[in-house]
Enquirer: 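Sending over a structure as structure tokens; questions will come in a sec.
All values below come from the heavy atoms of this structure, side chains included, with hydrogens, waters and symmetry mates left out.
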Amino acid sequence: MSNGNYPDRSDFVRILDRSKNAIFTYGEGFLSEPLPAGTRVLYPPPPIESIADIDTAIENALENPLGCDPFSAQLKPGMKVTIAFDDLSLPIPPMQTPDLRERIIGKVLDKLAAAGITDIHLIAAIAFHRKMTPSELKRVLGKQIFNAFYPDKLYNHDAEDAENNVYIGKTDRGEEVEISRRVVESDLTIYVNINIVSLDGGHKSFSTGLSTYRTIRCHHNHHTLMRSRSYMDPNRSALHSSCDRMGEIIEENINIFKIETTIDNNSMPYWLTFLRKPFWKFNAFDKLNFAANKLTTDLLPVSLKRQVFSKVYAPYGLTGIYAGKTEPVHEKTLENVYRQQAVPVRGQADIVIVGLPHTGPYHVNSIMNPILVMCQTLGYCFNFHRGRPLIREGGVYIVLYPLHEDFHPVHHPSYIEFYNRVLTDTIDPKTIEEKYEEEFAYNPKYIDLYRNSYAFHGVHPFYMWYWSCYGMSHVGKVIVVKPKAKRPADIMGFDTANSIAEAIEKAKDIVGPNPSITNFQLLGGLLCDVTE
């Protein structure tokens with residue numbers, strides 16, 4: 001299944017000639033369940049070649065940028081400079097240290113110092129995510145940078161700080177653009193981005209990460225997301241079109257130097273490498289490694305398992321770094337993402353089976369609550385395609401995940417109310433938006449917890465629900481295998497089953513007696529180019 005546009009990835013796509021036990025991630029644990037003969041299994045492509053000399057690559061990108069003068073040539077003494085960077089939602093899982101953001105920002109700071117520039121602020125572009133803790137900032141940026149700037153000149157963006165955000169205009173569609181005042185008033189703003197999927201980067205970095213509710217509500221809404229046919233295909237995403245229109249306004253008002261990086265699929269440490277290896281290629285050591293990890297996680301209490309998995313750091317390799325103006329930089333970034341992740345897939349499936357891992361962008365060092373399970377399933381997994389969805393319209397998603405009825409009380413307080421009050425009233429995204437969104441968005445308690453604690457913004461669970469809206473409309477049913485609690489499934493409109501075999505039998509009532517089945521193995525980047 002390869003052509004001239006793809007590396008040979010046939011070893012990572014297989015149709016099973018007989019029933020075979022497959023390996024699945026299952027939250028903070030692992031499962032082995034049989035897949036029937038005829039199941040098509042898709043694995044993320046292996047890591048492509050990475051860059052050995054990272055420091056030289058950073059230097060070359062800075063001094064040979066796309067669409068503008070070399071970085072050093074843009075610097076003058078007395079400038080006001082801001083460095084913004086992606087928060088801890090990227091990459092997933094977190095990378096082993098030193099983080100690329102530390103290495104890049106360290107090089108940028110050296111050049112600013114050499115130019116006599118001292119007015120420098122560093123801002124984590126969190127949008128409505130929770131604030132990064134001091135220890136999380138230190139891990140991403142390194143001790144030296146953290147100690148030099150925290151807390152007065154290294155801080156989280158505050159989307160609710162009215163005094164320190166400023167309105168700069170609106171698009172021809174009436175989308176209002178409000179951005180960090182520090183960024184607007186800077187002579188130069190450098191944005192350091194890590195791209196793990198084609199959803200990220202580009203104009204979205206500013207029009208989401210450094211903006212406010214006034215702006216984010218223009219593209220994180222039911223109407224826009226229902227017209228986004230894949231978040232991973234910017235050309236067919238109304239979300240990205242809105243961000244691009246806002247980007248024009250932003251770049252008219254802000255001098256931006258964008259730095260974007262791409263990483264490989266080396267997303268697991270050595271003791272979990274069996275997860276990236278097709279189960280039909282397991283040797284004796286892989287089988288022993290899987291058995292040991294499964295036994296250990298089966299025996300540990302959930303709280304301890306979460307602590308263990310929060311320490312999973314990936315040894316990613318850098319596959320590309322580009323700097324300069326936003327659009328030419330992002331064009332190169334997308335080429336590199338697709339080079340690592342894109343896999344040609346012929347034909348849609350009646351049933352898609354996926355095991356959800358422990359990790360995700362909205363519960364780093366936290367808990368994957370039921371709303372985030374929905375977001376991972378029909379928001380992210382569903383959207384890992386270009387062209388046509390992997391699952392046909394009216395098909396069935398079979399998901400392996402424990403589905404605990406569990407929420408992090410500090411990180412996700414508004415999720416708890418959203419789950420218990422909003423979803424028990426209605427699960428329809430459009431109705432939820434019209435009836436409840438502004439109440440949560442302007443709730444003073446949730447605003448205070450976002451600003452002064454480590455809580456996601458009050459409106460964030462709404463966006464996670466809308467994120468799944470097109471997937472909800474396309475998929476006929478979601479069936480969760482081996483849930484620990486049934487109530488979350490009932491509230492969210494999911495069915496449940498005790499095994500994959502039972503789930504397939506239930507799915508046949510919807511898709512017919514002889515379904516086509518695809519198992520989508522999630523760990524690592526996998527973007528399905530689905531054709532007829």
Side-chain angles (χ1 to χ4, degrees), residues 19 21-36 39 294 297-298 301-302 305-306 349-358 360 363 367-382 390-392 394-407 415-416 418-420 422-429 461 464-465 467-469 471-513 515-522:
S19 179
N21 270 38
I23 305 303
F24 297 93
T25 52
Y26 179 65
E28 302 89 358
F30 312 98
L31 290 177
S32 178
E33 284 265 324
L35 292 173
T39 300
K294 184 179 186 308
T297 53
D298 285 349
V302 172
K305 284 194 285 189
R306 287 173 179 162
D350 297 315
I351 299 172
V352 169
I353 302 172
V354 62
L356 296 186
H358 69 283
H363 58 280
I367 295 171
M368 185 162 160
N369 61 56
I371 295 161
L372 295 179
V373 172
M374 167 66 90
C375 180
Q376 288 283 82
T377 303
L378 295 183
Y380 280 95
C381 292
F382 173 82
L390 182 61
I391 188 170
R392 59 100 160 159
V396 174
Y397 244 106
I398 296 176
V399 179
L400 289 82
Y401 193 77
L403 199 59
H404 300 281
E405 194 169 36
D406 202 359
F407 295 81
Y415 278 70
I416 299 171
F418 181 89
Y419 175 76
N420 286 305
V422 176
L423 293 185
T424 54
D425 176 33
T426 178
I427 63 172
D428 177 64
M464 297 300 93
W465 202 254
W467 207 249
S468 307
C469 64
M472 287 185 202
S473 71
H474 183 93
V475 172
K477 177 68 72 175
V478 175
I479 303 174
V480 182
V481 175
K482 298 184 185 297
K484 300 297 185 184
K486 191 172 183 298
R487 182 170 181 261
D490 292 340
I491 286 176
M492 297 190 293
F494 293 170
D495 202 346
T496 60
N498 293 318
S499 66
I500 289 178
E502 181 186 333
I504 290 173
E505 289 305 309
K506 286 189 173 187
K508 287 178 180 179
D509 293 338
I510 298 171
V511 301
S516 58
I517 303 172
T518 294
N519 167 222
F520 178 84
Q521 294 282 350
L522 191 56

Enquirer: Between Asn519 and Thr39, is there a side-chain donor-acceptor contact under 3.5 Å, judged purely by atom types and distance?
Expert: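 On atom types as modelled, these side chains do not qualify, holding no pair under 3.5 Å.
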Enquirer: Do Leu31 and Lys482 pass the side chain to side chain contact (heavy atoms under 4.5 Å, CB included) test, and can you show the C-alpha distance, the side-chain angles, and the key distance before you say yes or no?
Expert: CA-CA 10 Å; Leu31 290 177; Lys482 298 184 185 297; 3.8 Å; yes
Enquirer: Looking only at side chains, do Glu405 and Tyr419 share a donor and an acceptor under 3.5 Å apart?
Expert: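 Yes, Tyr419 and Glu405 have a side-chain donor paired with an acceptor closer than 3.5 Å.
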Enquirer: Is the shortest heavy-atom distance from the side chain of Val480 to the side chain of Val373 under 4.5 Å?
Expert: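 Answer no - side chains too far apart.
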Enquirer: Evaluate the side-chain proximity of Lys477 to Tyr397: yes if any heavy-atom separation is below 4.5 Å, no if none is.
Expert: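 Tyr397 vs Lys477: side chains apart.
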Enquirer: Mind running side chain to side chain contact (heavy atoms under 4.5 Å, CB included) on Thr377 and Leu356 for me, showing each step along the way?
Expert: CA-CA 8 Å; Thr377 303; Leu356 296 186; 3.6 Å; yes
Enquirer: So do the side chains of Ile491 and Thr424 get within less than 4.5 Å of each other, counting heavy atoms only?
Expert: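 Yes; the side chains approach each other to less than 4.5 Å.
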Enquirer: Is Ile353 close to Ile500 at the side-chain level, that is, under 4.5 Å between some pair of heavy atoms?
Expert: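 Yes - at least one pair of side-chain heavy atoms lies under 4.5 Å apart.
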Enquirer: Within the 4.5 Å heavy-atom criterion, are Cys381 and Leu522 side-chain neighbours or not?
Expert: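 SC-SC contact between Cys381 and Leu522 confirmed.
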Enquirer: Checking side chain to side chain contact (heavy atoms under 4.5 Å, CB included) for the pair Asn498/Val481: CA distance, chi angles, key distance, verdict?
Expert: CA-CA 6 Å; Asn498 293 318; Val481 175; over 6 Å; no
Enquirer: Considering only heavy atoms from C-beta outward, does the side chain of Val475 approach that of Val396 to under 4.5 Å?
Expert: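 No - every pair of side-chain heavy atoms lies 4.5 Å or more apart.
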Enquirer: Please test Gln521 against Phe24 for side chain to side chain contact (heavy atoms under 4.5 Å, CB included), starting from the C-alpha separation and ending with a verdict.
Expert: CA-CA 8 Å; Gln521 294 282 350; Phe24 297 93; 4.3 Å; yes
Enquirer: Measure across Trp465 and Pro429 and return the closest heavy-atom pair with its distance rounded to 0.1 Å.
Expert: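 Between these two residues, the closest heavy atoms are CD1-CG, 4.1 Å.
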Enquirer: With sequence neighbours excluded, what pairs up with Tyr26 under the ring pair (Phe, Tyr, Trp, His ring centres under 6.0 Å) test?
Expert: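 Ring pair (Phe, Tyr, Trp, His ring centres under 6.0 Å) list for Tyr26, sorted by chain: empty.
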Enquirer: Would a distance-only check, ignoring hydrogens and angles, find a side-chain to backbone donor-acceptor pair under 3.5 Å from Lys484 to His404?
Expert: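 A pair under 3.5 Å: no.
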Enquirer: Compare every heavy atom of Pro515 with every heavy atom of Asp350, then report the nearest pair and how far apart it is.
Expert: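 Closest heavy-atom pair between Asp350 and Pro515: OD2-CA, 3.3 Å.
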Enquirer: Testing the basics here: between Leu403 and Pro488, what is the closest heavy-atom pair and its distance to 0.1 Å?
Expert: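 Smallest interatomic distance, heavy atoms only, reads CG-CB, 3.9 Å.
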Enquirer: Is there a donor-acceptor pair closer than 3.5 Å between any side-chain N or O of His474 and the backbone N or O of Phe382?
Expert: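 Not a single qualifying donor-acceptor pair exists.
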Enquirer: Examine distances only and state if a side-chain atom of Ser499 and a backbone atom of Glu502 form a donor-acceptor pair shorter than 3.5 Å.
Expert: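 Yes; at least one donor-acceptor contact below 3.5 Å.
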Enquirer: Decide yes or no for Tyr401 and Met368: does some side-chain heavy atom of the first lie under 4.5 Å from some side-chain heavy atom of the second?
Expert: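 Heavy-atom side-chain distance check passes, below 4.5 Å.
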Enquirer: Considering non-hydrogen atoms only, spot the tightest contact between Lys506 and Asp495 and give its length.
Expert: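 Nearest heavy atoms, Lys506 then Asp495: NZ-OD1, 3.2 Å.
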Enquirer: Looking at every non-hydrogen atom in both residues, tell me the closest pair between Met374 and Met472 and how far apart they are.
Expert: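 Smallest heavy-atom distance, with atoms named: CE-CE, 3.8 Å.
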Enquirer: Give, for atom OH of Tyr415 and atom CG of Asn369, the distance between the pair rounded to the nearest 0.5 Å.
Expert: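 CG of Asn369 is found 6.5 Å from OH of Tyr415.
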Enquirer: Between Ile479 and Ala497, what is the shortest heavy-atom contact and its length?
Expert: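 Nearest pair, atom of Ile479 first, then Ala497: CG2-CB, 3.9 Å.
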Enquirer: Of all residues at least two apart in sequence or in a different chain, which pass the salt bridge (charged side-chain N to carboxylate O under 4.0 Å, His left out) check with Arg306?
Expert: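 Expected list: Glu28, Asp406.
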Enquirer: Counting N and O atoms only, with roles assigned by atom type, does the side chain of Ser32 sit under 3.5 Å from a partner on the main chain of Asn21, one being a donor and the other an acceptor?
Expert: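 Between the backbone of Asn21 and the side chain of Ser32 there is no qualifying donor-acceptor contact (under 3.5 Å).
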Enquirer: Nearest 0.5 angstrom please: Ile398 CD1 to Ile517 CD1, how far?
Expert: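 So the CD1 of Ile398 and the CD1 of Ile517 are separated by 7.0 Å.
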Enquirer: Who pairs with Asp428 by salt bridge (charged side-chain N to carboxylate O under 4.0 Å, His left out), at least two apart in sequence or on another chain?
Expert: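 Applying salt bridge (charged side-chain N to carboxylate O under 4.0 Å, His left out) to Asp428 gives none.
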Enquirer: Looking at side-chain heavy atoms only, is the closest gap between Ile504 and Pro36 below 4.5 Å?
Expert: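 A side-chain contact under 4.5 Å exists here.
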